[in-house]
Amino acid sequence: MRYSAFSVLKNALSGHKGWKPVWREPEPKAEYDVIIVGGGGHGLSTAYYLAKEFGLTNVAVIEKGYLGSGNIGRNTTIIRSNYMLPGNERFYELSMKLWEGLEQDFNYNAMVSQRGVINLYHSDGQRDAYARRGNAMRLEGVDAELLDRKALEKLCPYLDFDNGRFPIQGGLLQKRGGTARHDAVAWGYARGADMRGVDIIQNCEVTGFVIEAGVVKGVETSKGTIRAKKVGVAAAGNTTRVMDKAGLRLPIESHVLQAFVTEGLKPIINTVITFGVGHFYISQSDKGGLVFGGDLDGYNSYAQRGNLAMVEHVCEAGMAMVPMIGRARVLRSWGGIMDMSMDGSPIIDKTPVDGLYLNCGWCYGGFKATPASGMCFAHLIARDAPHPVATELRLDRFETGRVIDETGRGAQPNLH
Amino acid sequence: MRIPCPHCGERDHAEFVYRGDATVVRPDPDAPGAARAFHEFVHLRTNPAGLHKEHWYHEGGCRAWIVVERNTVTHEVMGAVTAEAFALSGGLSGRKANA
Ligand SMILES: Cc1cc2nc3c(=O)[nH]c(=O)nc-3n(C[C@H](O)[C@H](O)[C@H](O)COP(=O)(O)OP(=O)(O)OC[C@H]3O[C@@H](n4cnc5c(N)ncnc54)[C@H](O)[C@@H]3O)c2cc1C
Ligand SMILES: [Zn+2]
């Protein structure tokens, strides 16, 4: 069913009894052309673009839980393309362009909202660093605007500009950045893929690979062996556990990142804002909840929950930036497992096993990448060659020294 | 999460700084294949779901490096020894310790 104003009206008049489930729940076939391991945002968008852009429809997405149970349903929904290094910026800008046309493309309301993203600066040195980042973005044709204090006061009068310790001098604004509804992104891609014939198989865990003479021939799952000509893995925080089964050791550590949401409030935070000292960022969902988060807890973790020390840090940083939120009550907090790479940038590449492709290293920023990640991974799988904007997202870049380290922190995943 | 520092006793983990996997061993730079060995040492991690031996630095206490064994799935801390004791006991015999 195509969604439109007409279909909403028609179903409203018939008591909303006409809506159908948006994807099937098929049993796995014996063999597919392509199997995608992981039904998160990236696995689903990959399947969607495989079918839509590359004509591959004999495809299955295999998900161990239910759709959206991983990070795609746990993130704070920020989309932006304010990166500095060419290897990243071209990729994230493709993603931003795909976001801008996404809802028309897959005929689903993903609530893409370009409300802007502002990174605050608190010192002259930090202003210079953001000026440089903004210039690097503009060189790639991406919008960036350096706001001084006056301009920022007009946009966000509620910030604590004269904070005694960290006064706010201004911010770097990307107007085209913003938020999107994370669950709807997963559902929209799932529906679009399913409509084109992709089988989405939930509650089915991949437990191993079928590898014959160095070539992948399928996967072992909790529902038996499923054969495939090609297999792409997009398992985010569980990448290591999955790729262990293919005998690969990766430049990845799994870490927990927490997020928080308050009770619903009237509109008060009109954009996405990140604090420039300590880790804190905030936006307001369309339902009214303040959605905020901070840094990784900082230790290896596969638990989808963190500790109180980071809760305290995030709340303190929030109070330093926007004291007015101090009276809002936090409703929920949760954690997700991040696939932290050694340089803070992602990997979309082939592996030493023929026919086995890898998509990982999203750190805490893979939601914004969902469209481009799917497009580029689909390109790689279908054509056996990297998409032009993803040529630097290589698995071997750590060995060859071509790392993409935005912050220059080195091989310490919890600092990226 | 509370970490039993061998010097200071049980303390809140917030007193510590995390470094990471304690079982990777700095290779011999003069040995054949050193470039590859250094890549593995610097970049590749076993990243287990389960028991993990890891370096923590007790910044807010005795300022010693210690090795903590912790379950990455439950955050249960199994125990801790000084980094020195860990090295002397052969804990650095390679990544198998985290297998
Ligand atoms: C608290 C938090 C806040 C974040 N905020 C942002 C943000 O504001 N902006 C942003 O850009 N990014 C953000 N991120 C990061 C973003 O959510 C992730 O990088 C991105 O969702 C990862 O890709 P994915 O959607 O494919 O992952 P997931 O949804 O985790 O998908 C991976 C899937 O693989 C499945 N899987 C794993 N192992 C197996 C197996 N053996 N067999 C079958 N299936 C398997 C999992 O069940 C999971 O569903 C945030 C993350 C968290 C946790
Ligand atoms: Zn101590």
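Hydrogens, waters and symmetry mates are skipped; everything else that's a heavy atom, side chains included, is used. Below, chain A is the first sequence line, B the second, and so on; all start at residue 1.
With rounding to the nearest 0.5 Å, the separation of CG in B:Asn47 from OG1 in A:Thr239 is 9.0 Å. Atoms CG and OH, from B:Asn71 and A:Tyr302 in turn, are 11.5 Å apart once rounded to the nearest 0.5 Å.
When all heavy atoms of B:Leu44 and A:Pro251 are compared, the closest pair comes out as CD2-N, 3.7 Å. Of all heavy-atom pairs between B:Thr74 and A:Arg305, the closest is O-NH2, 3.1 Å. For the residue pair B:Thr72 and A:Asn300, the shortest heavy atom distance occurs at CG2-O, 3.8 Å.
For CG of A:Leu331, the number of neighbouring non-hydrogen atoms (other residues, nucleotides, ligands) closer than 6.0 Å is greater than 12. Counting non-hydrogen atoms of neighbouring residues, nucleotides and ligands closer than 6.0 angstrom, the CZ atom of A:Arg394 reaches no more than 12 such neighbours.
For the set B:Arg36, B:His75, B:His13, B:Arg19, the entry with the most heavy-atom pairs within less than 4.5 Å of chain A is B:His75. Interface check for chain B: of the options A:Gln304, A:Glu399, A:Gln412, the most heavy-atom pairs under 4.5 Å are formed by A:Glu399. Contacts with chain B were tallied for A:Ala411, A:Gly401, A:Ser254; A:Ser254 has the most, counting heavy-atom pairs under 4.5 Å. Listed options B:Arg70, B:Met1, B:His43 were ranked by heavy-atom pairs under 4.5 angstrom with chain A; first place goes to B:His43. Contact tally against chain B (heavy-atom pairs below 4.5 Å) for A:Gly298, A:Gly410, A:Ala309: the top residue is A:Gly298.
In this structure, the portion of B:His39 lying under 4.5 Å from any heavy atom of chain A is its side chain and not its backbone. Contacts between A:Leu250 and chain B at a heavy-atom distance below 4.5 Å involve the backbone alone (N, CA, C, O).
Within the 3.5 Å criterion, the main-chain N or O of A:Thr240 finds no donor-acceptor partner in the side chain of B:Arg45.
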